[in-house]
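Input: a single structure, listed below in structure tokens.
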Amino acid sequence: MRSFDFTPLLAAGLPPPAVKWSGFAKYNFVGGHNDPDHVPVDQLLKAATDVLKREGSTLATYGLASGPQGYRPLREFLVAKLERTAGISCRTDEILITSGSLQALDLVNGILLERGDTVIVEQATYQGALTRLQRLGVKAIGIPLDAEGMRLDALAAALDDLKRRAIRPKYIYTIPTVQNPTGTILSEARRRDMLRLAAQHGVAIFEDDCYADLIWDGQRPPALYAMSPQGGVIHIGSFSKSIAPALRVGYIVAEWGLLARMLALKTDAGSGALEQMVLGEFCAAHFSEHVPRLTRGLRAKLETLMEALAEQFGTAAEFDEPKGGIFLWVKLPDSVDTQALYTRALAAGLAINPGAEWSTDKDFGKSRTRLCFANPSHETIRAGVGALAEICRREFGVPQRIANVQQRAGV
Ligand SMILES: Cc1ncc(COP(=O)(O)O)c(C=O)c1O
């Protein structure tokens, strides 16, 4: 029986304690999980064997033989890949490998933000970014999105308003290429306008491109980083969405002077070496054929989800088709509070992300929900949406009829 009480010793200002994990929900539409059928297990196995046989003894040193910025062949792969896909031209010493892009968020925030600062974000954005800002005591101003991503008229108005109030935001955090949660892609023209506005106002851009490989038609505008040779942009990315999130490998692209400040904050003596080695080996040989296969599988799951929603919810579920990625951002009728729906659904083994957690404007998010379609099977997606419609109808009276199902059943 433990009698020592740590409670009075706990540091002030800690976030609320974590809830113990009790397994995934049966119908799991939350988080950014990937498709289990598309983890390239055999190729990863071979990559691990090959690279360990060849270079395993370098595990004897911190940072392998590559130094603190991460496994050099992986950075070399990224240099070529970012040039090919995003138009970024950078050197290996302008890349820092991180423990997932979440560590990248922490490092960028760590060198730029102080309590009381202001930043600009998309009105609907990544919860992990919002909770970090909240914890740091930083005010996040949300800019509405439309089908082409962040609305630049609203961004211009927000920047003008801040200027009038003598507030200089530290950065514009944007997920321009397959936005989380809306799945939009910021057009090249808007990228140009965003860079112009940011430069005019002396504001940095923090570009989070972690879904950029998962585009249905493979077409993407150049990265903001690539379009700004004069600097002012920090770019981050991840292997979580293109390969597997459990690997925990992400990266930052920035000028060396900034990376040098981040390295001084990265006190973990290097991110996991084995993952980096395996990825370096795997990606050089297989990345470009793996990603289209994964993307085709994701696209098929999105079709299943959209069909199931149309069948079960009819017009009560509104959504724009995402341009890629793993999420569908769904608007339910105003009478539905997705936070309450989340609680009821979870009790029935069904997990959804309530929209308020993904929004700077809680009212805007209240009747919205984010559904991740990558992890569940097609059958689970269909059954899960059916279960969600039942719960939603019981709790909120919508959808009024589960029309097609009733018609098919001859009711
Ligand atoms: C926009 C965005 N950025 C960063 C992350 C963090 O991902 P990871 O740390 O796995 O690279 C996520 C995860 O879902 C995300 O959606």
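Start at 1 and go down the list; that is how both ligands and their atoms are numbered. Along the sequence shown, residues carry numbers from 1.
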Acceptor/donor pairs from residues 357-364 side chains to any protein atom, 3.5 angstrom cut, sequence neighbours excluded:
| from | atom 1 | to | atom 2 | distance (Å) |
| --- | --- | --- | --- | --- |
| Glu357 | OE1 | Gln127 | NE2 | 3.2 |
| Trp358 | NE1 | Asn180 | OD1 | 3.4 |
| Ser359 | OG | Gly355 | O | 2.9 |
| Thr360 | OG1 | Gln123 | O | 3.4 |
| Asp361 | OD1 | Asp363 | N | 3.0 |
| Asp361 | OD1 | Phe364 | N | 3.2 |
| Lys362 | NZ | Ala356 | O | 2.9 |
| Lys362 | NZ | Ser359 | O | 2.7 |

Which heavy atom in Asn353 sits nearest to a heavy atom in Gly31, and how many Å separate them? OD1-N, 3.1 Å
Would you name the heavy atoms of Lys366 and Asp334 that are closest together and state the gap between them? NZ-O, 3.4 Å
Is the closest side-chain donor-acceptor distance between Tyr171 and Asn109 under 3.5 Å? yes
Give the minimum heavy-atom separation between Lys81 and Phe287, together with the two atoms involved. CE-CE2, 3.6 Å
Between ligand 1 and the protein, give all atom pairs where both partners are nitrogen or oxygen and the distance is under 3.5 Å, as lines of names plus distance to 0.1 Å.
| from | atom 1 | to | atom 2 | distance (Å) |
| --- | --- | --- | --- | --- |
| ligand 1 | 3 (N) | Asp208 | OD2 | 2.6 |
| ligand 1 | 7 (O) | Ser101 | OG | 3.3 |
| ligand 1 | 9 (O) | Ser101 | N | 3.0 |
| ligand 1 | 9 (O) | Leu102 | N | 2.9 |
| ligand 1 | 9 (O) | Arg248 | NH2 | 2.8 |
| ligand 1 | 10 (O) | Ser240 | OG | 2.5 |
| ligand 1 | 10 (O) | Arg248 | NH1 | 2.7 |
| ligand 1 | 11 (O) | Ser101 | N | 2.7 |
| ligand 1 | 11 (O) | Ser101 | OG | 2.7 |
| ligand 1 | 11 (O) | Ser238 | OG | 2.6 |
| ligand 1 | 11 (O) | Ser240 | OG | 3.3 |
| ligand 1 | 14 (O) | Tyr211 | OH | 3.1 |
| ligand 1 | 14 (O) | Lys241 | NZ | 2.9 |
| ligand 1 | 16 (O) | Asn180 | ND2 | 2.8 |
| ligand 1 | 16 (O) | Tyr211 | OH | 2.5 |

Does a donor on one side chain sit under 3.5 Å from an acceptor on the other, for Lys331 and Ser367? yes
